[in-house]
Engineer: 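Handing you this structure, nothing more for now.
Protein chains get the first letters and strands the later ones, always in sequence-line order, with residue 1 at the start of each. Keep in mind that this is a model prediction, so the values were computed, not measured.
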Protein chains: 2
Amino acid sequence: MKHGPSTGSLLIIGGNEDREGEMTILQRFLALSGGLDSPIAVITTASEIPDEVWDQYRTAFSHLGARKLSHIHFNSREDAADPEQLRGLTDAGGIFFTGGAQDRLLAFTGNTRAHDEIRRAYLERGACIAGTSAGASAMSRFMLQYGRAELEPEKGSIALGEGLGFIERIVVDQHFSERQRLPRLLSVVAERPELFGLGIDEDTALLVQPGRSLEVLGHGGLTVTDGSQAITNISDLEPHDCLRMVNVCLHVLPSGTIFSQQESDGSFDAPLPLQIFLSTLTQ
Amino acid sequence: MKHGPSTGSLLIIGGNEDREGEMTILQRFLALSGGLDSPIAVITTASEIPDEVWDQYRTAFSHLGARKLSHIHFNSREDAADPEQLRGLTDAGGIFFTGGAQDRLLAFTGNTRAHDEIRRAYLERGACIAGTSAGASAMSRFMLQYGRAELEPEKGSIALGEGLGFIERIVVDQHFSERQRLPRLLSVVAERPELFGLGIDEDTALLVQPGRSLEVLGHGGLTVTDGSQAITNISDLEPHDCLRMVNVCLHVLPSGTIFSQQESDGSFDAPLPLQIFLSTLTQ
(Lines give C-alpha, C1' and ligand atoms only; values in the text may rest on other atoms or scores of the structure.)
Protein backbone atom coordinates (compact mmCIF):
# COMPACT_ATOMS: atom_id res chain seq x y z
CA MET A 1 0.00 0.00 0.00
CA LYS A 2 1.56 3.23 -1.17
CA HIS A 3 1.37 6.14 1.24
CA GLY A 4 1.47 9.73 0.12
CA PRO A 5 1.14 13.07 1.92
CA SER A 6 -2.66 12.72 2.11
CA THR A 7 -2.64 9.31 3.80
CA GLY A 8 -4.70 9.32 6.97
CA SER A 9 -4.19 7.35 10.14
CA LEU A 10 -4.93 3.87 11.43
CA LEU A 11 -6.13 3.32 14.97
CA ILE A 12 -5.89 -0.36 15.88
CA ILE A 13 -7.70 -1.00 19.16
CA GLY A 14 -7.33 -4.12 21.32
CA GLY A 15 -11.04 -4.35 22.14
CA ASN A 16 -13.11 -3.31 25.12
CA GLU A 17 -12.11 0.34 24.85
CA ASP A 18 -13.72 2.66 27.37
CA ARG A 19 -17.09 3.85 26.03
CA GLU A 20 -18.47 5.44 29.18
CA GLY A 21 -15.72 7.17 31.17
CA GLU A 22 -12.94 9.35 29.81
CA MET A 23 -13.03 7.52 26.46
CA THR A 24 -9.41 8.46 25.68
CA ILE A 25 -9.28 6.31 22.57
CA LEU A 26 -12.66 7.26 21.10
CA GLN A 27 -11.89 10.91 21.76
CA ARG A 28 -8.61 10.55 19.91
CA PHE A 29 -10.44 8.87 17.04
CA LEU A 30 -12.76 11.86 16.67
CA ALA A 31 -9.83 14.28 16.72
CA LEU A 32 -8.00 12.24 14.06
CA SER A 33 -11.18 12.13 12.00
CA GLY A 34 -11.35 15.89 11.62
CA GLY A 35 -13.22 16.92 14.74
CA LEU A 36 -16.79 17.00 15.93
CA ASP A 37 -18.33 18.24 12.69
CA SER A 38 -16.64 15.69 10.50
CA PRO A 39 -18.80 12.80 9.23
CA ILE A 40 -18.16 9.57 11.13
CA ALA A 41 -19.23 6.16 9.86
CA VAL A 42 -19.59 3.22 12.25
CA ILE A 43 -19.47 -0.13 10.45
CA THR A 44 -21.03 -2.93 12.50
CA THR A 45 -20.74 -5.64 9.83
CA ALA A 46 -18.56 -7.84 12.07
CA SER A 47 -21.33 -8.04 14.66
CA GLU A 48 -24.41 -10.22 14.82
CA ILE A 49 -26.10 -7.67 17.10
CA PRO A 50 -25.46 -4.57 14.98
CA ASP A 51 -28.22 -2.41 16.46
CA GLU A 52 -27.05 -2.87 20.03
CA VAL A 53 -23.48 -2.17 19.05
CA TRP A 54 -24.41 0.89 17.02
CA ASP A 55 -26.42 2.14 19.95
CA GLN A 56 -23.36 1.92 22.22
CA TYR A 57 -21.15 3.85 19.83
CA ARG A 58 -23.81 6.38 18.93
CA THR A 59 -24.24 7.13 22.62
CA ALA A 60 -20.49 7.30 23.25
CA PHE A 61 -19.62 9.46 20.24
CA SER A 62 -22.61 11.75 20.81
CA HIS A 63 -21.55 12.14 24.41
CA LEU A 64 -18.15 13.26 23.15
CA GLY A 65 -19.89 15.84 20.95
CA ALA A 66 -19.75 14.24 17.51
CA ARG A 67 -22.57 15.61 15.38
CA LYS A 68 -22.52 13.65 12.12
CA LEU A 69 -22.76 9.98 12.87
CA SER A 70 -23.95 7.29 10.50
CA HIS A 71 -24.48 3.59 10.95
CA ILE A 72 -23.40 1.23 8.20
CA HIS A 73 -24.17 -2.47 8.26
CA PHE A 74 -23.67 -4.82 5.35
CA ASN A 75 -25.55 -8.08 5.52
CA SER A 76 -24.26 -9.29 2.17
CA ARG A 77 -21.71 -8.43 -0.50
CA GLU A 78 -24.56 -6.86 -2.50
CA ASP A 79 -25.13 -4.41 0.35
CA ALA A 80 -21.44 -3.47 0.14
CA ALA A 81 -21.83 -2.66 -3.57
CA ASP A 82 -25.05 -0.68 -3.22
CA PRO A 83 -24.36 3.09 -3.74
CA GLU A 84 -27.27 3.93 -1.46
CA GLN A 85 -25.61 2.10 1.42
CA LEU A 86 -22.19 3.64 0.73
CA ARG A 87 -23.31 7.22 1.17
CA GLY A 88 -22.05 7.40 4.74
CA LEU A 89 -18.56 6.47 3.53
CA THR A 90 -17.97 8.83 0.64
CA ASP A 91 -17.32 11.90 2.77
CA ALA A 92 -16.41 10.25 6.11
CA GLY A 93 -13.49 11.75 8.01
CA GLY A 94 -13.50 8.74 10.30
CA ILE A 95 -14.53 5.13 9.76
CA PHE A 96 -14.88 2.86 12.76
CA PHE A 97 -15.05 -0.95 12.52
CA THR A 98 -16.68 -2.47 15.58
CA GLY A 99 -16.00 -5.89 17.09
CA GLY A 100 -17.70 -9.16 16.25
CA ALA A 101 -16.21 -11.78 13.94
CA GLN A 102 -13.49 -10.79 11.51
CA ASP A 103 -14.52 -13.55 9.08
CA ARG A 104 -17.97 -12.11 8.77
CA LEU A 105 -16.55 -8.64 8.22
CA LEU A 106 -14.24 -9.86 5.45
CA ALA A 107 -16.86 -12.06 3.83
CA PHE A 108 -19.19 -9.09 3.32
CA THR A 109 -16.73 -6.24 2.64
CA GLY A 110 -13.47 -7.71 1.29
CA ASN A 111 -12.80 -6.49 -2.25
CA THR A 112 -16.16 -4.76 -2.61
CA ARG A 113 -16.98 -1.20 -3.60
CA ALA A 114 -17.23 -0.38 0.08
CA HIS A 115 -13.68 -1.64 0.55
CA ASP A 116 -12.49 0.60 -2.31
CA GLU A 117 -14.27 3.53 -0.78
CA ILE A 118 -12.65 3.00 2.61
CA ARG A 119 -9.23 2.54 1.02
CA ARG A 120 -9.74 5.81 -0.83
CA ALA A 121 -10.80 7.56 2.38
CA TYR A 122 -7.59 6.39 4.07
CA LEU A 123 -5.12 6.96 1.24
CA GLU A 124 -6.53 9.98 -0.56
CA ARG A 125 -8.70 11.85 1.89
CA GLY A 126 -6.66 11.59 5.06
CA ALA A 127 -9.39 9.80 7.00
CA CYS A 128 -8.82 7.90 10.22
CA ILE A 129 -9.65 4.20 9.93
CA ALA A 130 -10.21 2.61 13.34
CA GLY A 131 -11.00 -0.96 14.24
CA THR A 132 -11.57 -2.57 17.59
CA SER A 133 -11.30 -6.28 18.43
CA ALA A 134 -12.38 -8.14 15.25
CA GLY A 135 -12.19 -4.76 13.51
CA ALA A 136 -8.56 -4.48 14.63
CA SER A 137 -7.66 -7.95 13.37
CA ALA A 138 -9.13 -7.11 9.99
CA MET A 139 -6.97 -4.00 9.44
CA SER A 140 -3.90 -5.74 8.15
CA ARG A 141 -3.28 -7.74 4.99
CA PHE A 142 -2.76 -10.92 7.02
CA MET A 143 -5.52 -11.54 9.48
CA LEU A 144 -5.78 -14.04 12.30
CA GLN A 145 -8.84 -16.01 11.20
CA TYR A 146 -8.83 -18.18 14.23
CA GLY A 147 -6.39 -19.10 16.94
CA ARG A 148 -6.86 -21.68 19.64
CA ALA A 149 -6.30 -20.49 23.19
CA GLU A 150 -3.52 -22.81 24.31
CA LEU A 151 -1.08 -22.43 27.18
CA GLU A 152 1.85 -23.24 24.86
CA PRO A 153 2.55 -22.35 21.23
CA GLU A 154 1.45 -25.25 19.06
CA LYS A 155 1.80 -26.20 15.44
CA GLY A 156 -1.42 -25.63 13.51
CA SER A 157 -3.12 -23.70 16.29
CA ILE A 158 -3.69 -20.59 14.16
CA ALA A 159 -4.96 -19.83 10.68
CA LEU A 160 -4.31 -16.68 8.71
CA GLY A 161 -6.68 -15.26 6.13
CA GLU A 162 -6.81 -12.12 4.05
CA GLY A 163 -7.71 -8.93 5.87
CA LEU A 164 -8.62 -5.46 4.63
CA GLY A 165 -4.98 -4.74 3.83
CA PHE A 166 -4.46 -1.25 5.24
CA ILE A 167 -1.16 -2.35 6.72
CA GLU A 168 1.38 -4.95 5.63
CA ARG A 169 3.51 -7.59 7.37
CA ILE A 170 1.77 -7.60 10.73
CA VAL A 171 -0.78 -9.88 12.34
CA VAL A 172 -2.91 -8.32 15.06
CA ASP A 173 -4.26 -10.10 18.10
CA GLN A 174 -6.50 -8.29 20.57
CA HIS A 175 -7.61 -8.66 24.22
CA PHE A 176 -3.98 -9.69 24.37
CA SER A 177 -2.84 -9.73 28.00
CA GLU A 178 -6.36 -10.19 29.33
CA ARG A 179 -6.90 -13.42 27.38
CA GLN A 180 -3.32 -14.63 27.65
CA ARG A 181 -2.70 -14.78 23.93
CA LEU A 182 1.08 -14.82 23.79
CA PRO A 183 1.18 -18.52 22.86
CA ARG A 184 -0.90 -17.99 19.74
CA LEU A 185 1.07 -14.90 18.77
CA LEU A 186 4.22 -17.01 19.08
CA SER A 187 2.59 -19.66 16.90
CA VAL A 188 1.94 -16.96 14.28
CA VAL A 189 5.61 -16.02 13.97
CA ALA A 190 6.70 -19.66 14.12
CA GLU A 191 4.50 -20.36 11.08
CA ARG A 192 5.25 -17.05 9.35
CA PRO A 193 8.61 -15.66 10.52
CA GLU A 194 8.47 -12.85 7.96
CA LEU A 195 5.50 -11.28 9.78
CA PHE A 196 5.44 -9.42 13.07
CA GLY A 197 2.91 -10.43 15.71
CA LEU A 198 1.18 -7.51 17.43
CA GLY A 199 -0.68 -8.17 20.65
CA ILE A 200 -2.83 -5.22 21.74
CA ASP A 201 -4.34 -5.10 25.21
CA GLU A 202 -7.90 -4.07 25.95
CA ASP A 203 -8.64 -0.35 26.07
CA THR A 204 -5.32 0.19 24.27
CA ALA A 205 -4.62 1.27 20.73
CA LEU A 206 -1.77 1.49 18.28
CA LEU A 207 -1.94 4.63 16.21
CA VAL A 208 -0.09 4.47 12.90
CA GLN A 209 0.43 7.68 10.96
CA PRO A 210 2.56 6.76 7.95
CA GLY A 211 5.46 9.11 7.39
CA ARG A 212 4.85 10.76 10.74
CA SER A 213 4.64 8.67 13.89
CA LEU A 214 3.57 5.61 15.80
CA GLU A 215 2.01 5.80 19.20
CA VAL A 216 0.58 3.47 21.83
CA LEU A 217 -2.33 4.97 23.74
CA GLY A 218 -4.94 3.89 26.27
CA HIS A 219 -4.47 1.79 29.37
CA GLY A 220 -2.42 -1.27 28.47
CA GLY A 221 0.43 -2.09 26.17
CA LEU A 222 1.49 -3.39 22.81
CA THR A 223 3.50 -6.62 22.66
CA VAL A 224 5.46 -7.40 19.51
CA THR A 225 6.75 -10.86 18.64
CA ASP A 226 9.50 -11.02 16.04
CA GLY A 227 10.44 -14.52 14.90
CA SER A 228 12.74 -13.45 12.08
CA GLN A 229 15.82 -14.69 13.96
CA ALA A 230 14.11 -17.53 15.78
CA ILE A 231 15.03 -21.18 15.47
CA THR A 232 12.04 -23.50 15.72
CA ASN A 233 11.34 -27.17 15.14
CA ILE A 234 8.05 -26.51 13.36
CA SER A 235 8.94 -28.50 10.25
CA ASP A 236 9.58 -31.63 12.32
CA LEU A 237 6.22 -31.54 14.10
CA GLU A 238 2.72 -32.86 13.65
CA PRO A 239 -0.34 -30.62 14.18
CA HIS A 240 -1.04 -30.04 17.91
CA ASP A 241 2.58 -30.71 18.89
CA CYS A 242 4.07 -28.03 21.13
CA LEU A 243 6.62 -25.85 19.42
CA ARG A 244 10.20 -25.37 20.49
CA MET A 245 11.15 -21.77 19.83
CA VAL A 246 14.61 -20.36 20.48
CA ASN A 247 15.57 -16.70 20.16
CA VAL A 248 12.24 -15.01 19.62
CA CYS A 249 12.60 -11.25 19.92
CA LEU A 250 9.98 -9.59 22.09
CA HIS A 251 9.13 -5.93 22.55
CA VAL A 252 6.75 -4.55 25.16
CA LEU A 253 5.62 -0.97 24.47
CA PRO A 254 3.33 0.52 27.11
CA SER A 255 0.79 3.25 26.58
CA GLY A 256 2.52 6.58 26.15
CA THR A 257 5.17 5.21 23.82
CA ILE A 258 5.62 7.50 20.82
CA PHE A 259 8.09 7.12 17.99
CA SER A 260 8.24 9.88 15.44
CA GLN A 261 9.61 9.57 11.97
CA GLN A 262 12.26 11.88 10.48
CA GLU A 263 11.07 13.69 7.40
CA SER A 264 14.53 13.52 5.86
CA ASP A 265 15.09 9.76 5.71
CA GLY A 266 11.99 8.19 7.23
CA SER A 267 13.95 6.67 10.13
CA PHE A 268 12.52 6.62 13.65
CA ASP A 269 13.94 8.04 16.88
CA ALA A 270 13.77 4.59 18.48
CA PRO A 271 16.18 1.93 19.76
CA LEU A 272 17.93 0.20 16.86
CA PRO A 273 16.27 -3.24 17.26
CA LEU A 274 12.89 -1.56 16.73
CA GLN A 275 13.81 0.31 13.55
CA ILE A 276 13.00 -2.51 11.14
CA PHE A 277 9.72 -3.26 12.86
CA LEU A 278 8.67 0.39 12.89
CA SER A 279 9.55 1.00 9.27
CA THR A 280 7.58 -2.04 8.11
CA LEU A 281 4.53 -0.58 9.82
CA THR A 282 4.60 2.48 7.60
CA GLN A 283 5.71 0.86 4.35
CA MET B 1 28.84 -23.71 43.19
CA LYS B 2 31.55 -26.07 41.98
CA HIS B 3 30.36 -29.24 40.32
CA GLY B 4 32.42 -32.39 40.22
CA PRO B 5 31.81 -35.90 38.94
CA SER B 6 29.72 -36.79 42.00
CA THR B 7 27.29 -33.88 41.65
CA GLY B 8 23.70 -35.06 41.62
CA SER B 9 20.75 -33.58 39.82
CA LEU B 10 18.28 -30.76 40.33
CA LEU B 11 14.62 -31.21 39.49
CA ILE B 12 12.86 -27.85 39.44
CA ILE B 13 9.09 -28.35 39.25
CA GLY B 14 6.55 -25.69 38.30
CA GLY B 15 4.01 -26.73 40.93
CA ASN B 16 0.88 -28.85 40.85
CA GLU B 17 2.70 -31.92 39.54
CA ASP B 18 0.57 -35.01 39.10
CA ARG B 19 0.42 -36.95 42.38
CA GLU B 20 -2.35 -39.40 41.52
CA GLY B 21 -2.12 -40.51 37.89
CA GLU B 22 0.99 -41.46 35.97
CA MET B 23 3.13 -39.23 38.19
CA THR B 24 5.80 -38.84 35.48
CA ILE B 25 7.76 -36.25 37.42
CA LEU B 26 7.65 -37.96 40.84
CA GLN B 27 8.59 -41.25 39.21
CA ARG B 28 11.57 -39.60 37.60
CA PHE B 29 12.54 -38.09 40.96
CA LEU B 30 12.64 -41.54 42.53
CA ALA B 31 14.75 -42.91 39.67
CA LEU B 32 17.19 -40.00 39.98
CA SER B 33 17.33 -40.53 43.74
CA GLY B 34 18.70 -44.04 43.41
CA GLY B 35 15.54 -46.10 43.09
CA LEU B 36 12.88 -47.47 45.38
CA ASP B 37 15.18 -48.58 48.18
CA SER B 38 17.02 -45.29 48.41
CA PRO B 39 16.14 -43.05 51.38
CA ILE B 40 13.91 -40.14 50.37
CA ALA B 41 13.39 -37.05 52.54
CA VAL B 42 10.37 -34.82 52.04
CA ILE B 43 10.87 -31.33 53.49
CA THR B 44 7.60 -29.53 54.15
CA THR B 45 9.11 -26.47 55.83
CA ALA B 46 7.65 -24.10 53.20
CA SER B 47 4.13 -25.21 54.10
CA GLU B 48 1.84 -24.15 56.91
CA ILE B 49 -0.07 -27.42 56.62
CA PRO B 50 2.92 -29.78 56.72
CA ASP B 51 1.03 -32.89 57.82
CA GLU B 52 -1.49 -32.73 54.99
CA VAL B 53 1.26 -32.09 52.46
CA TRP B 54 3.39 -34.92 53.82
CA ASP B 55 0.41 -37.19 53.64
CA GLN B 56 -0.05 -36.43 49.94
CA TYR B 57 3.57 -37.14 49.09
CA ARG B 58 3.79 -40.20 51.33
CA THR B 59 0.79 -41.65 49.53
CA ALA B 60 2.13 -40.76 46.10
CA PHE B 61 5.67 -42.00 46.65
CA SER B 62 4.45 -45.18 48.39
CA HIS B 63 2.13 -45.82 45.49
CA LEU B 64 5.16 -45.60 43.19
CA GLY B 65 6.90 -48.19 45.37
CA ALA B 66 9.33 -46.08 47.40
CA ARG B 67 10.15 -47.87 50.64
CA LYS B 68 12.26 -45.46 52.71
CA LEU B 69 10.39 -42.23 53.14
CA SER B 70 10.95 -39.68 55.85
CA HIS B 71 9.20 -36.45 56.69
CA ILE B 72 11.26 -33.44 57.72
CA HIS B 73 9.71 -30.23 58.96
CA PHE B 74 11.63 -27.37 60.52
CA ASN B 75 9.60 -24.92 62.54
CA SER B 76 12.61 -22.84 63.49
CA ARG B 77 16.30 -22.43 62.71
CA GLU B 78 17.03 -24.42 65.87
CA ASP B 79 15.17 -27.36 64.34
CA ALA B 80 17.40 -27.08 61.28
CA ALA B 81 20.51 -27.32 63.48
CA ASP B 82 19.28 -30.24 65.57
CA PRO B 83 21.20 -33.45 64.65
CA GLU B 84 18.18 -35.53 65.65
CA GLN B 85 16.05 -33.79 63.04
CA LEU B 86 18.73 -34.05 60.36
CA ARG B 87 18.92 -37.82 60.42
CA GLY B 88 16.65 -38.21 57.41
CA LEU B 89 19.02 -36.06 55.36
CA THR B 90 22.41 -37.61 56.03
CA ASP B 91 21.91 -40.64 53.82
CA ALA B 92 19.10 -39.39 51.55
CA GLY B 93 19.39 -40.19 47.86
CA GLY B 94 16.57 -37.78 47.14
CA ILE B 95 15.42 -34.62 48.91
CA PHE B 96 12.10 -33.11 47.97
CA PHE B 97 11.05 -29.55 48.89
CA THR B 98 7.28 -29.13 48.82
CA GLY B 99 5.35 -25.98 48.03
CA GLY B 100 4.20 -23.31 50.45
CA ALA B 101 6.00 -20.01 50.93
CA GLN B 102 9.62 -19.68 49.83
CA ASP B 103 10.28 -17.00 52.47
CA ARG B 104 9.32 -19.38 55.23
CA LEU B 105 11.53 -22.09 53.76
CA LEU B 106 14.53 -19.78 53.59
CA ALA B 107 13.94 -18.24 57.00
CA PHE B 108 14.15 -21.66 58.69
CA THR B 109 16.75 -23.46 56.54
CA GLY B 110 18.98 -20.85 54.86
CA ASN B 111 22.59 -21.18 56.01
CA THR B 112 21.82 -23.76 58.66
CA ARG B 113 23.30 -27.20 59.27
CA ALA B 114 20.42 -28.67 57.31
CA HIS B 115 21.33 -26.47 54.37
CA ASP B 116 24.97 -27.71 54.57
CA GLU B 117 23.74 -31.27 54.69
CA ILE B 118 21.56 -30.84 51.61
CA ARG B 119 24.38 -29.10 49.73
CA ARG B 120 26.65 -32.01 50.59
CA ALA B 121 24.04 -34.51 49.43
CA TYR B 122 23.83 -32.72 46.08
CA LEU B 123 27.52 -32.01 45.49
CA GLU B 124 29.24 -34.98 47.11
CA ARG B 125 26.75 -37.79 47.24
CA GLY B 126 25.03 -37.44 43.86
CA ALA B 127 21.59 -36.95 45.38
CA CYS B 128 18.65 -35.55 43.49
CA ILE B 129 17.34 -32.29 44.96
CA ALA B 130 13.80 -31.54 43.85
CA GLY B 131 11.57 -28.57 44.61
CA THR B 132 8.05 -27.80 43.54
CA SER B 133 6.36 -24.41 43.49
CA ALA B 134 7.88 -22.46 46.44
CA GLY B 135 10.43 -25.27 46.64
CA ALA B 136 11.35 -24.60 42.99
CA SER B 137 11.76 -20.86 43.55
CA ALA B 138 14.09 -21.53 46.45
CA MET B 139 16.52 -23.68 44.43
CA SER B 140 18.54 -20.87 42.90
CA ARG B 141 20.81 -18.30 44.45
CA PHE B 142 18.43 -15.49 43.48
CA MET B 143 14.89 -16.18 44.52
CA LEU B 144 11.68 -14.40 43.62
CA GLN B 145 10.51 -13.31 47.06
CA TYR B 146 7.35 -11.78 45.77
CA GLY B 147 6.02 -10.60 42.46
CA ARG B 148 2.78 -8.81 41.83
CA ALA B 149 0.50 -10.34 39.23
CA GLU B 150 0.22 -7.51 36.72
CA LEU B 151 -0.86 -7.60 33.10
CA GLU B 152 2.20 -5.56 32.08
CA PRO B 153 5.80 -5.56 33.32
CA GLU B 154 6.17 -2.80 35.90
CA LYS B 155 9.02 -1.20 37.75
CA GLY B 156 9.22 -2.38 41.35
CA SER B 157 6.72 -5.19 40.93
CA ILE B 158 9.15 -7.92 42.01
CA ALA B 159 11.65 -8.44 44.82
CA LEU B 160 14.53 -10.87 44.81
CA GLY B 161 15.93 -12.50 47.91
CA GLU B 162 18.53 -15.12 48.62
CA GLY B 163 17.61 -18.70 47.82
CA LEU B 164 19.24 -22.01 48.66
CA GLY B 165 21.86 -21.43 45.97
CA PHE B 166 22.03 -24.79 44.19
CA ILE B 167 22.06 -23.00 40.86
CA GLU B 168 23.36 -19.60 39.80
CA ARG B 169 22.17 -16.74 37.57
CA ILE B 170 18.56 -17.83 37.16
CA VAL B 171 15.31 -16.76 38.77
CA VAL B 172 12.54 -19.34 38.79
CA ASP B 173 8.84 -18.59 38.55
CA GLN B 174 6.29 -21.40 38.73
CA HIS B 175 2.64 -22.00 37.72
CA PHE B 176 3.94 -19.95 34.84
CA SER B 177 1.50 -20.17 31.93
CA GLU B 178 -1.42 -21.05 34.18
CA ARG B 179 -1.05 -17.86 36.25
CA GLN B 180 0.06 -15.67 33.36
CA ARG B 181 3.36 -14.71 34.89
CA LEU B 182 5.30 -13.50 31.87
CA PRO B 183 4.97 -9.83 32.91
CA ARG B 184 6.69 -10.46 36.24
CA LEU B 185 9.40 -12.57 34.62
CA LEU B 186 10.00 -9.69 32.22
CA SER B 187 10.20 -7.34 35.20
CA VAL B 188 12.86 -9.62 36.70
CA VAL B 189 15.17 -9.32 33.69
CA ALA B 190 14.47 -5.61 33.33
CA GLU B 191 15.69 -5.11 36.91
CA ARG B 192 18.48 -7.69 36.67
CA PRO B 193 19.55 -8.16 33.04
CA GLU B 194 22.46 -10.40 34.07
CA LEU B 195 20.01 -13.09 35.26
CA PHE B 196 17.85 -15.41 33.20
CA GLY B 197 14.15 -15.69 34.02
CA LEU B 198 12.80 -19.25 34.01
CA GLY B 199 9.05 -19.74 33.89
CA ILE B 200 8.04 -23.32 34.56
CA ASP B 201 4.49 -24.50 33.89
CA GLU B 202 2.48 -26.68 36.24
CA ASP B 203 3.17 -30.42 36.14
CA THR B 204 6.40 -29.61 34.30
CA ALA B 205 9.99 -29.80 35.47
CA LEU B 206 13.42 -28.71 34.42
CA LEU B 207 16.01 -31.37 35.15
CA VAL B 208 19.57 -30.09 35.45
CA GLN B 209 22.39 -32.62 35.52
CA PRO B 210 25.61 -30.59 35.57
CA GLY B 211 28.17 -31.79 33.08
CA ARG B 212 25.62 -34.11 31.49
CA SER B 213 22.31 -32.75 30.30
CA LEU B 214 19.29 -30.53 30.66
CA GLU B 215 15.79 -31.75 30.08
CA VAL B 216 12.23 -30.46 30.23
CA LEU B 217 9.73 -33.08 31.33
CA GLY B 218 6.07 -33.30 32.27
CA HIS B 219 3.10 -31.70 30.56
CA GLY B 220 3.91 -28.05 29.89
CA GLY B 221 6.90 -26.02 28.93
CA LEU B 222 9.79 -23.90 30.13
CA THR B 223 9.89 -20.25 29.10
CA VAL B 224 13.18 -18.39 29.34
CA THR B 225 13.47 -14.59 29.33
CA ASP B 226 16.88 -13.16 28.52
CA GLY B 227 17.19 -9.40 28.95
CA SER B 228 20.94 -9.22 28.41
CA GLN B 229 20.51 -7.43 25.07
CA ALA B 230 17.30 -5.61 25.98
CA ILE B 231 16.89 -1.85 26.01
CA THR B 232 14.54 -0.64 28.71
CA ASN B 233 13.55 2.68 30.23
CA ILE B 234 13.63 1.37 33.80
CA SER B 235 16.01 4.01 35.10
CA ASP B 236 13.66 6.79 33.98
CA LEU B 237 10.62 5.38 35.76
CA GLU B 238 8.90 5.61 39.11
CA PRO B 239 7.68 2.50 40.95
CA HIS B 240 4.47 1.10 39.39
CA ASP B 241 5.19 2.68 36.00
CA CYS B 242 4.87 0.24 33.10
CA LEU B 243 8.18 -0.72 31.55
CA ARG B 244 9.15 -0.26 27.96
CA MET B 245 11.26 -3.24 26.92
CA VAL B 246 12.81 -3.61 23.49
CA ASN B 247 14.67 -6.67 22.25
CA VAL B 248 14.02 -9.19 24.99
CA CYS B 249 15.10 -12.65 23.90
CA LEU B 250 12.56 -15.38 24.59
CA HIS B 251 12.89 -19.16 24.40
CA VAL B 252 10.03 -21.62 24.72
CA LEU B 253 11.15 -25.18 25.41
CA PRO B 254 8.34 -27.75 25.60
CA SER B 255 8.38 -30.98 27.50
CA GLY B 256 10.58 -33.50 25.74
CA THR B 257 13.35 -31.00 25.08
CA ILE B 258 16.73 -32.51 25.93
CA PHE B 259 20.13 -30.92 25.51
CA SER B 260 23.13 -33.03 26.29
CA GLN B 261 26.56 -31.75 27.11
CA GLN B 262 29.74 -32.86 25.33
CA GLU B 263 32.27 -34.41 27.69
CA SER B 264 35.16 -32.91 25.69
CA ASP B 265 34.38 -29.18 25.96
CA GLY B 266 31.17 -28.93 27.95
CA SER B 267 29.26 -27.39 25.03
CA PHE B 268 25.66 -28.37 24.29
CA ASP B 269 24.12 -29.82 21.15
CA ALA B 270 21.70 -26.92 21.02
CA PRO B 271 21.00 -23.90 18.80
CA LEU B 272 23.68 -21.26 19.23
CA PRO B 273 21.51 -18.60 20.96
CA LEU B 274 20.83 -21.12 23.73
CA GLN B 275 24.44 -22.05 24.39
CA ILE B 276 25.18 -19.24 26.84
CA PHE B 277 21.97 -19.84 28.73
CA LEU B 278 22.54 -23.58 28.95
CA SER B 279 26.12 -23.28 30.10
CA THR B 280 25.20 -20.83 32.87
CA LEU B 281 22.78 -23.43 34.20
CA THR B 282 25.56 -25.88 34.85
CA GLN B 283 28.26 -23.49 35.97
Side-chain angles (χ1 to χ4, degrees), chain A residues 149-155 175-183 185-187 189-190 199 201-204 216 219-227 229-233 237 241-259 270-278, chain B residues 149-155 175-183 185-187 189-190 199 201-204 216 219-227 229-233 237 241-259 270-278:
Chain A
E150 307 287 353
L151 285 181
E152 322 284 331
E154 279 188 7
K155 179 164 180 167
H175 307 280
F176 184 70
S177 295
E178 291 79 7
R179 298 192 188 169
Q180 203 170 351
R181 287 180 162 173
L182 182 70
L185 206 58
L186 290 172
S187 302
V189 298
D201 293 344
E202 293 186 356
D203 196 22
T204 307
V216 182
H219 281 87
L222 167 70
T223 301
V224 181
T225 58
D226 172 355
Q229 307 299 316
I231 301 160
T232 78
N233 62 347
L237 299 180
D241 285 350
C242 287
L243 287 159
R244 189 179 82 198
M245 301 182 74
V246 169
N247 209 36
V248 177
C249 177
L250 191 80
H251 311 302
V252 180
L253 306 175
S255 175
T257 302
I258 301 180
F259 298 116
L272 204 60
L274 266 184
Q275 294 278 353
I276 295 175
F277 163 65
L278 295 176
Chain B
E150 307 288 351
L151 285 181
E152 322 283 333
E154 277 186 9
K155 179 162 179 169
H175 308 280
F176 184 71
S177 296
E178 292 79 7
R179 298 191 188 169
Q180 203 171 351
R181 286 179 163 174
L182 181 70
L185 206 58
L186 289 172
S187 302
V189 298
D201 293 344
E202 293 185 356
D203 196 22
T204 307
V216 182
H219 281 85
L222 167 69
T223 302
V224 181
T225 57
D226 173 355
Q229 306 300 314
I231 300 160
T232 77
N233 61 348
L237 299 180
D241 285 349
C242 287
L243 287 160
R244 189 179 82 197
M245 301 183 73
V246 169
N247 210 33
V248 177
C249 177
L250 191 80
H251 311 303
V252 180
L253 306 176
S255 174
T257 303
I258 301 180
F259 298 115
L272 202 61
L274 267 183
Q275 294 279 352
I276 294 175
F277 163 66
L278 294 175

Engineer: Is it the backbone or the side chain of A/Q180 that comes under 4.5 Å from a heavy atom of chain B, or both, or neither?
Structural biologist: both

Engineer: Give, as side chain, backbone, both or neither, the part of A/L243 having an atom under 4.5 angstrom from any heavy atom of chain B.
Structural biologist: backbone

Engineer: Does any backbone or side-chain atom of A/D226 lie under 4.5 Å from a heavy atom of chain B? Answer side chain, backbone, both or neither.
Structural biologist: neither

Engineer: Would you say that A/L185 contacts A/V224 through its side chain, given a criterion of any heavy-atom pair below 4.5 Å between the two side chains?
Structural biologist: no

Engineer: My understanding is that only residues two or more places apart in sequence, or in another chain, count here; which of them pass ring-ring contact (aromatic ring centres under 6.0 Å, His included) with B/F277?
Structural biologist: B/F196

Engineer: Quick one: does B/L274's side chain get under 4.5 Å of B/L253's, heavy atoms only?
Structural biologist: yes

Engineer: Where on A/P183 is there a heavy atom nearer than 4.5 Å to chain B: the side chain, the backbone, both, or neither?
Structural biologist: neither

Engineer: side-chain contact (heavy atoms from CB on, under 4.5 Å) with B/D201: which of B/E178, B/H219, B/R181, B/R179?
Structural biologist: B/E178

Engineer: Looking at A/C249, A/P153, A/A270, A/A230, which has the largest count of heavy-atom pairs under 4.5 Å with chain B?
Structural biologist: A/C249

Engineer: At a heavy-atom separation under 4.5 Å, does A/I231 approach chain B through its side chain, its backbone, both, or neither?
Structural biologist: side chain

Engineer: To check you understand the geometry: which heavy-atom pair defines the closest contact between B/F259 and B/P271, and what is its length?
Structural biologist: CE2-CD, 4.1 Å

